Amino acid sequence: MTLLAAPSIVDEVDFERVWLDDRSWVDVARGWLAGADAVYASLLERCAWRTSRLWRYDHWVEEPRVGASARIDGRPAHTVLPELHRALDRRYGIEFGAVAVAQYRDGRDGVAFHRDRELRWLDDTLIAVLTLGQRRPWHLRPRANRFAHDLPNHGATHDISPASGDLLVMGGRAQADWEHSVPKLAQPVGPRISLQWRWTSRRGRPVIGGNYRDPRNFSR
């Protein structure tokens with residue numbers, strides 16, 4: 001039996017800030033979580049993975065990935081999760097919301113370009129994403145390219161491609177003026193687990209209208 005290293009945060013890891021424009025940025029910390037494979041294996045086995053639905057135009061469709069609760073029997077799904085949450089809060093001086101857990105099972109799973117409009121207030125947000133498991137492309141594009149379907153990678157200008165244990169944090173107006181995606185892949189690829197923490201300052205003008213998880217219809 002192969003023993004996996006105990007997970008721990010690497011305090012001395014560099015946070016590289018990539019400026020997307022003068023008000024939007026993404027921090028990239030490669031290898032932020034040591035022993036990430038142990039967390040990945042535990043969550044993959046222990047979490048109760050389930051499918052969810054998204055609203056597309058005029059009907060519901062099954063989301064091409066699965067999600068899970070970050071708690072099992074009232075306790076964190078892994079003992080390192082509260083430590084990760086506290087470390088993010090300390091670094092950015094805010095209080096992130098509860099962690100969300102998603103799994104991309106293979107190359108057929110992915111998420112199209114989108115903004116996290118569920119936050120409503122998008123002028124000043126922080127979204128932290130920790131990758132566990134398989135490395136996958138992770139694209140960013142300016143909203144100005146959202147109709148540029150003929151451009152390579154549908155107009156993406158950045159590919160972060162986080163590996164297991166890598167952390168990325170989108171900040172500023174990244175949700176207002178940029179979109180991100182995990183594209184589907186034709187070649188075989190193993191599972192990737194994504195841990196996500198979100199925060200908004202609730203400053204600025206809130207987004208009006210529905211989103212994929214909270215659609216508006218004529219009866220509301």
Side-chain angles (χ1 to χ4, degrees), residues 5 7-40 43 65 80-81 83-97 99-104 109-116 119 122-145 152-185 189-201:
S8 61
I9 296 170
V10 182
D11 293 327
E12 63 272 19
V13 72
D14 291 331
F15 276 68
E16 177 191 3
R17 177 154 298 185
V18 179
W19 284 97
L20 305 173
D21 57 39
D22 59 356
R23 295 186 293 178
S24 308
W25 48 266
V26 56
D27 284 346
V28 183
R30 305 285 184 185
W32 183 66
L33 178 63
D37 288 345
V39 183
Y40 164 79
L43 295 181
R65 62 179 183 177
V80 80
L81 295 185
E83 180 185 352
L84 301 176
H85 198 148
R86 290 191 295 268
L88 289 169
D89 285 354
R90 287 195 302 269
R91 179 168 187 88
Y92 290 97
I94 50 90
E95 294 184 7
F96 279 97
V99 62
V101 186
Q103 181 198 158
Y104 300 83
D109 282 352
V111 60
F113 276 107
H114 67 287
R115 301 177 295 155
D116 285 14
L119 291 172
L122 305 184
D123 289 352
D124 180 23
T125 64
L126 288 170
I127 297 180
V129 181
L130 176 64
T131 288
L132 305 172
Q134 182 66 52
R135 188 171 196 163
R136 292 278 299 267
W138 203 96
H139 291 164
L140 283 156
R141 75 178 181 190
R143 289 206 73 219
N145 285 358
N153 296 322
H154 298 282
T157 57
H158 298 73
D159 181 6
I160 305 299
S161 288
S164 193
D166 289 353
L167 174 74
L168 64 90
V169 182
M170 294 176 282
R173 286 183 55 87
Q175 299 309 305
D177 299 333
W178 289 74
E179 299 176 333
H180 54 282
S181 77
V182 179
K184 296 181 180 182
L185 299 174
V189 64
R192 169 185 180 260
I193 293 176
S194 173
L195 303 180
Q196 308 141 34
W197 295 263
R198 294 173 172 83
W199 172 87
T200 174
S201 69

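Source: prediction; values computed, not measured.
Atom CZ of residue R136 and atom CD1 of residue I160 lie 15.5 Å apart, to the nearest 0.5 angstrom. Put simply, NE2 on H154 and OG on S181 are 8.5 Å apart, with the number rounded to the nearest 0.5 Å. With rounding to the nearest 0.5 Å, the separation of CG in D109 from CZ in R192 is 11.0 Å. Rounded to the nearest 0.5 Å, atoms CD (Q175) and CZ (R115) are 8.5 Å apart. To the nearest 0.5 Å, atoms CE (M170) and OG (S24) are separated by 11.0 Å. Separation of atoms CG (L126) and OG (S201) is listed at 9.0 Å; rounding is to 0.5 Å.
Side-chain atoms of R135 come within 3.5 Å of backbone atoms of S161 as a donor-acceptor pair (strictly under, hydrogens ignored). Judged purely by atom type and a 3.5 angstrom limit, D159 uses its side chain to pair as donor or acceptor with the backbone of W138.
For the residue pair L88 and A128, the shortest heavy atom distance occurs at CD1-CB, 4.0 Å. In this structure, V10 and G31 approach most closely via the heavy-atom pair CG2-O, 3.4 Å.
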Verify side chain to side chain donor-acceptor pair (under 3.5 Å) between Q196 and R198, making sure each step is shown before the conclusion.
CA-CA 7 Å; Q196 308 141 34; R198 294 173 172 83; 3.0 Å; yes

Derivation of the side chain to side chain contact (heavy atoms under 4.5 Å, CB included) call for L167 and V13
CA-CA 10 Å; L167 174 74; V13 72; over 6 Å; no

Test side chain to side chain contact (heavy atoms under 4.5 Å, CB included) on V39 and I193 and set out the steps.
CA-CA 10 Å; V39 183; I193 293 176; over 6 Å; no

Check the pair H180 / H114 against side chain to side chain donor-acceptor pair (under 3.5 Å), numbers first and verdict last.
CA-CA 6 Å; H180 54 282; H114 67 287; 3.2 Å; yes

Let me see the working for W197 and D89 under side chain to side chain donor-acceptor pair (under 3.5 Å), right down to the final yes or no.
CA-CA 10 Å; W197 295 263; D89 285 354; over 6 Å; no

Check the pair N153, H158 against side chain to side chain contact (heavy atoms under 4.5 Å, CB included), reporting the backbone distance first and the verdict last.
CA-CA 10 Å; N153 296 322; H158 298 73; over 6 Å; no

Would you check, one step at a time, whether the test salt bridge (Lys or Arg N to Asp or Glu O under 4.0 Å) holds for R143 with D177?
CA-CA 6 Å; R143 289 206 73 219; D177 299 333; over 6 Å; no

Determine whether L130 and V99 satisfy the following criterion, side chain to side chain contact (heavy atoms under 4.5 Å, CB included), listing intermediate values before the conclusion.
CA-CA 10 Å; L130 176 64; V99 62; over 6 Å; no

Could you check D124 against R173 for salt bridge (Lys or Arg N to Asp or Glu O under 4.0 Å), going step by step and ending with a plain yes or no?
CA-CA 6 Å; D124 180 23; R173 286 183 55 87; over 6 Å; no

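When side chains are defined from C-beta on, V28 does not count as touching D166, because their heavy atoms never get closer than 4.5 Å. Side chains of V101 and L195 form a contact here, defined as non-hydrogen atoms less than 4.5 Å apart. Side-chain contact between L20 and L140: present, with at least one pair of heavy atoms (C-beta onward) separated by less than 4.5 Å. Within the 4.5 Å cutoff, side-chain heavy atoms of Y92 are placed close to those of D27. Two residues are said to be in side-chain contact when any heavy atoms from C-beta on lie closer than 4.5 Å; W178 and T157 meet this criterion.
Ring orientation note: the planes of H139 and F113 are close to parallel, at an angle under 30° on the 30°/60° scale. Classification of the F15-W32 ring pair by plane angle, with boundaries at 30° and 60°, yields perpendicular.
More than 12 heavy-atom neighbours from other residues, nucleotides or ligands sit within 6.0 angstrom of CG on D21.
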